[in-house]
Amino acid sequence: METIIPSLLGGLVEALEPFNLTMLIIGCVIGLFVGAMPGLGSVNGVAILLPVTFIVPPETAIIFLAAVYYGAMYGGAVSSITLGIPGASTAVATVFDGRPMAQSGKADQALMTAAVASFVGGTISVVLFTLFALPLASFALRFGPAEEFALMLLAFATFVGLGGDDIPKTIFSIAIGLVLATIGLDIISGRPRLIFFDITGFYAGINFLILAIGIYGIGEMLWTLEQTKGDVQVHKVRAGLHSIKEHVGRLKEYLVPASFSGFLGFFVGILPAAGATPGSLMAYGLTKAFSKDPESFGKGNIRGVAAPESANNSASTGSMLPMITLGIPGSPTTAILLGGMIIWGLRPGPLLFTEHPEFVWGLIGSLYVANLFTLIANIVLIPVFARVLTLRFTILAPVIFILCIVGGYAPTQTMHDVWLMLLFGVVGYLLRKLDYPVAPAVLAIVLGPLAERSLRQSLLSSQGDPLIFVERPISAFFMACAVLLFAYPFFVKWSRKRKATAAGTTEWQG
Amino acid sequence: MTVRMAEFTAAFLLALGSIGLMWKSTDGLSIGWIPGNGPGSGFWPFWLSLIMLLSSLTTLYRAWAGKTPQSRSNEPFIDRETFQIVGVTVAALFFLLLGTSYIGLYLSLIAFLFFYLRILGGHSWLLTIALMIGIPVFIFMFFEILMTVPLPKGISEPLFYPIYDLMY
């Protein structure tokens with residue numbers, strides 16, 4: 001504790017430096033708008049904006065991107081409520097009660113609930129983050145390459161075990177991400193690998209940003225264009241000082257479920273495959289199950305807005321915990337942040353706390369500031385959002401496409417990468433239509449080089465003996481968890497089948 | 001093409017691609033276990049491509065057995081309306097990139113914005129022209145001046161000489 005408080009204060013001071021604070025405010029506001037746009041969420045915003053942060057020092061860049069991440073989590077609720085379309089998948093559960101509230105003329109109250117609940121969830125998770133980060137990082141200092149590899153295997157196993165997508169397609173997505181990461185010169189032997197058709201562009205490898213912007217920028221926009229072909233129906237929002245006054249009286253209705261959801265979201269957010277979307281759905285489900293009037297949910301219950309919004313904010317902070325302390329991202333957005341850290345020349349993992357304390361504590365401090373600032377900005381900007389959301393998609397789409405293309409060109413300055421990005425975007429869009437999950441591939445291309453290196457380093461140190469992974473206790477524990485997670489869906493299927501045969505019915509669902 | 005057909009085609013193509021990756025991984029690299037040393041440089045991509053192949057084959061089998069929701073759907077994979085907006089967008093992006101390689105980014109951007117806003121989106125001339133000028137100017141200021149990243153200009157490079165003279 002005695003080391004946390006001075007470090008945290010130092011971090012807060014750093015976050016409040018004029019330049020950092022300006023970037024933080026810009027980040028929050030951009031994040032709010034990105035989140036509010038239907039179809040665009042934190043991952044899209046961070047992927048598209050990462051290339052523009054290369055001009056500022058890493059401490060400022062991470063503060064800016066974390067603010068975008070944060071703002072997007074707040075903003076997601078705006079289109080869920082006013083348009084009835086989730087601003088991002090993380091705000092799906094907010095539609096259930098946010099939309100009915102807007103239809104009954106309570107859009108202002110729903111938006112404020114979302115903002116305040118996000119603040120509650122954000123605050124709880126930032127405090128938990130501060131408390132857990134240092135102990136977890138000191139524990140992780142004991143990790144060698146074997147533990148690192150086992151931990152990454154565990155991260156991928158969570159997608160198979162808990163991702164909920166088609167399992168062969170999930171495994172395919174993980175494997176292709178890992179293979180794409182091997183293109184280029186092998187770091188250990190120095191040999192060129194997978195240079196297709198002898199195109200020299202492949203010698204430099206495939207930058208993870210190309211895949212991330214391709215999928216989350218171009219692919220996502222194509223997807224959204226398909227979804228929103230028709231015009232969107234915006235609900236009028238009447239907001240003023242009187243709505244704030246009215247809202248203060250309603251706070252006590254949802255503070256308890258919002259706090260509970262904040263805790264839940266944080267722990268769900270830590271898991272790589274889970275994150276903000278399932279976290280918010282779980283929070284909604286549990287709040288409904290434990291309420292006195294579950295039948296009023298889905299008809300405009302204020303707690304149905306508060307619970308998922310608190311949880312998705314808190315999960316986004318939760319997913320940063322493994323990224324900072326272990327070097328394993330807890331969500332696709334943090335996977336991109338992690339990739340950014342590598343580009344900025346930092347080595348993610350427990351050593352970050354000792355080698356770059358100003359980076360870590362600046363980030364943590366900025367989360368406190370961003371949380372408060374986004375709350376204020378969100379409430380002040382409610383009338384502006386209502387206007388912006390009436391913009392037609394044919395204006396937003398070309399602007400995003402242009403940002404993607406220029407952003408994809410900037411890091412390496414070759415057209416080769418931009419063409420690849422378009423290819424990834426189109427292929428990603430088509431595969432997504434067939435329910436291939438894309439997040440595992442993005443996580444895999446970021447972790448791929450680290451995973452392969454830790455695998456080969458551990459085997460070099462054991463003279464090629466693979467038993468090293470089970471002989472070391474921590475690594476053995478992670479390996480066991482990974483195996484259990486891989487086996488979990490098969491177990492569920494098996495037990496369901498047994499129940500079904502016992503009941504004398506046939507099981508059709510695969 | 002129906003969703004069912006698309007599911008088959010995708011799994012088949014991905015399986016073929018995986019075989020291609022496996023073959024490419026053996027290209028002058030050791031895919032095996034070097035005794036006392038651990039895996040060779042082709043080990044990781046080769047065996048992962050094999051996993052890709054196996055998972056695609058599983059998807060093919062599951063599609064054949066009707067176990068994936070896609071393999072039971074006879075809806076069109078891309079309906080007419082989707083094709084009109086998504087297909088046209090992809091084509092526009094293709095020409096934007098093609099144009100960028102030859103006549104440079106800025107001229108291509110202007111053409112792309114004109115097409116997207118005016119022809120596809122049917123927006124007013126005022127908005128179209130404002131964005132056709134505003135966006136390239138913003139991109140130039142932000143990327144070329146602030147970030148000092150020269151963006152591709154192709155044969156339109158001489159047009160920028162007067163601006164370079166002003167800058168440096």
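In what follows, chains carry the letters A, B, and so on, assigned in the order in which the sequence lines appear, proteins first and then strands, with residues in each chain numbered from 1. Values below: every heavy atom of this structure, side chains too, minus hydrogens, waters and symmetry copies. Quick caveat, the model's predicted, so the values are computed rather than measured.
If you measure heavy-atom distances from A:A397 to chain B, the contacts under 4.5 Å come from the side chain alone. With a 4.5 angstrom heavy-atom cutoff, B:L113 touches chain A only via side-chain atoms. Using a 4.5 Å cut-off between heavy atoms, B:E7 contacts chain A through both its backbone and its side chain. When heavy atoms are compared at a cutoff of 4.5 Å, A:L422 approaches chain B solely by way of its side chain, counted from C-beta outward. Proximity to chain A is limited to the side chain of B:L105, based on heavy atoms less than 4.5 angstrom apart. Both the backbone and the side chain of A:E452 come within less than 4.5 Å of a heavy atom of chain B. A:I218 touches chain B through its side chain: at least one heavy atom from C-beta onward sits under 4.5 Å away, while N, CA, C and O do not. Heavy atoms closer than 4.5 Å to chain A are found nowhere in B:T128, neither backbone nor side chain. Neither the backbone nor the side chain of B:L54 comes within contact range of chain A; no heavy atoms are under 4.5 Å apart. Looking at B:L48, both its backbone and its side chain come within 4.5 Å of chain A, counting heavy atoms on both sides. For A:L180, no part lies under 4.5 angstrom from a heavy atom of chain B. Heavy atoms closer than 4.5 Å to chain A are found in the side chain of B:L109, but not in its backbone. If you measure heavy-atom distances from B:F142 to chain A, the contacts under 4.5 Å come from the side chain alone.
Expressed to the nearest 0.5 Å, how far CG of B:L97 lies from OH of A:Y409 amounts to 12.0 Å. Rounding to the nearest 0.5 Å places CZ of B:R62 at 4.5 Å from CG of A:D166. Interatomic distance, B:L98 CG to A:M415 CE, rounded to the nearest 0.5 Å: 8.5 Å. Rounded to the nearest 0.5 angstrom, B:K24 NZ and A:R193 CZ are separated by 13.5 Å. Rounded to the nearest 0.5 Å, atoms OG (B:S56) and NZ (A:K169) are 10.5 Å apart. In this structure, the separation between CG on A:L225 and CD1 on B:I85 is 5.0 Å, given to the nearest 0.5 Å.
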Practice problem: Please lay out, stage by stage, how B:V3 and A:L434 fare under the test side chain to side chain contact (heavy atoms under 4.5 Å, CB included). | Solution: CA-CA 8 Å; B:V3 174; A:L434 291 170; 4.2 Å; yes
Quiz prompt | Derivation and outcome, side chain to side chain contact (heavy atoms under 4.5 Å, CB included), residues A:Y436 and B:L14 | solution = CA-CA 12 Å; A:Y436 282 80; B:L14 293 175; 3.6 Å; yes
Exercise. Apply side chain to side chain contact (heavy atoms under 4.5 Å, CB included) to B:F46 and A:V179, showing your working.
Key: CA-CA 8 Å; B:F46 179 82; A:V179 173; over 6 Å; no
Quiz item: Would B:T58 and A:I167 satisfy side chain to side chain contact (heavy atoms under 4.5 Å, CB included), going step by step from the backbone distance to the final call?
Solution: CA-CA 10 Å; B:T58 315; A:I167 290 166; over 6 Å; no
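Counting heavy-atom pairs closer than 4.5 Å to chain A, the top residue among B:W47, B:F43, B:F112 is B:F112. Comparing A:I402, A:I171, A:V418 by how many heavy-atom pairs each has under 4.5 Å with chain B, the most go to A:I402. Of the listed residues (B:S73, B:A6, B:S25, B:P152), the greatest number of heavy-atom pairs within a distance under 4.5 Å of chain A belongs to B:P152. Among B:L131, B:L57, B:L93, B:L151, the residue with the largest count of heavy-atom pairs under 4.5 Å with chain A is B:L93. For chain B, the option among A:L403, A:L431, A:I405, A:V426 with the highest count of heavy-atom pairs below 4.5 Å is A:I405.
Within a 6.0 Å radius of CZ in B:F140, other residues, nucleotides and ligands contribute more than 12 heavy atoms. No more than 12 heavy atoms of other residues, nucleotides or ligands sit less than 6.0 Å from atom CG of B:L126.
Listed here is the closest heavy atom pair of B:S55 and A:P168: CB-O, 3.3 Å. Counting all heavy atoms, side chain and backbone alike, B:Y116 lies closest to A:T394 at CD2-O, 3.6 Å.
B:F115 places none of its side-chain heavy atoms less than 4.5 Å from the side chain of A:P398. Side-chain contact between A:V52 and B:F143: present, with at least one pair of heavy atoms (C-beta onward) separated by less than 4.5 Å. Contact of the A:F401 side chain with the B:L96 side chain is not registered, since no non-hydrogen atoms from C-beta on lie closer than 4.5 Å. With contacts defined as side-chain heavy-atom distances shorter than 4.5 Å, the pair B:S101/A:W419 qualifies. Within the 4.5 Å cutoff, no side-chain heavy atoms of B:I51 are placed close to those of A:I174.
Panel note: side chain A:K433, backbone B:F77; a donor-acceptor pair is recorded below 3.5 Å.
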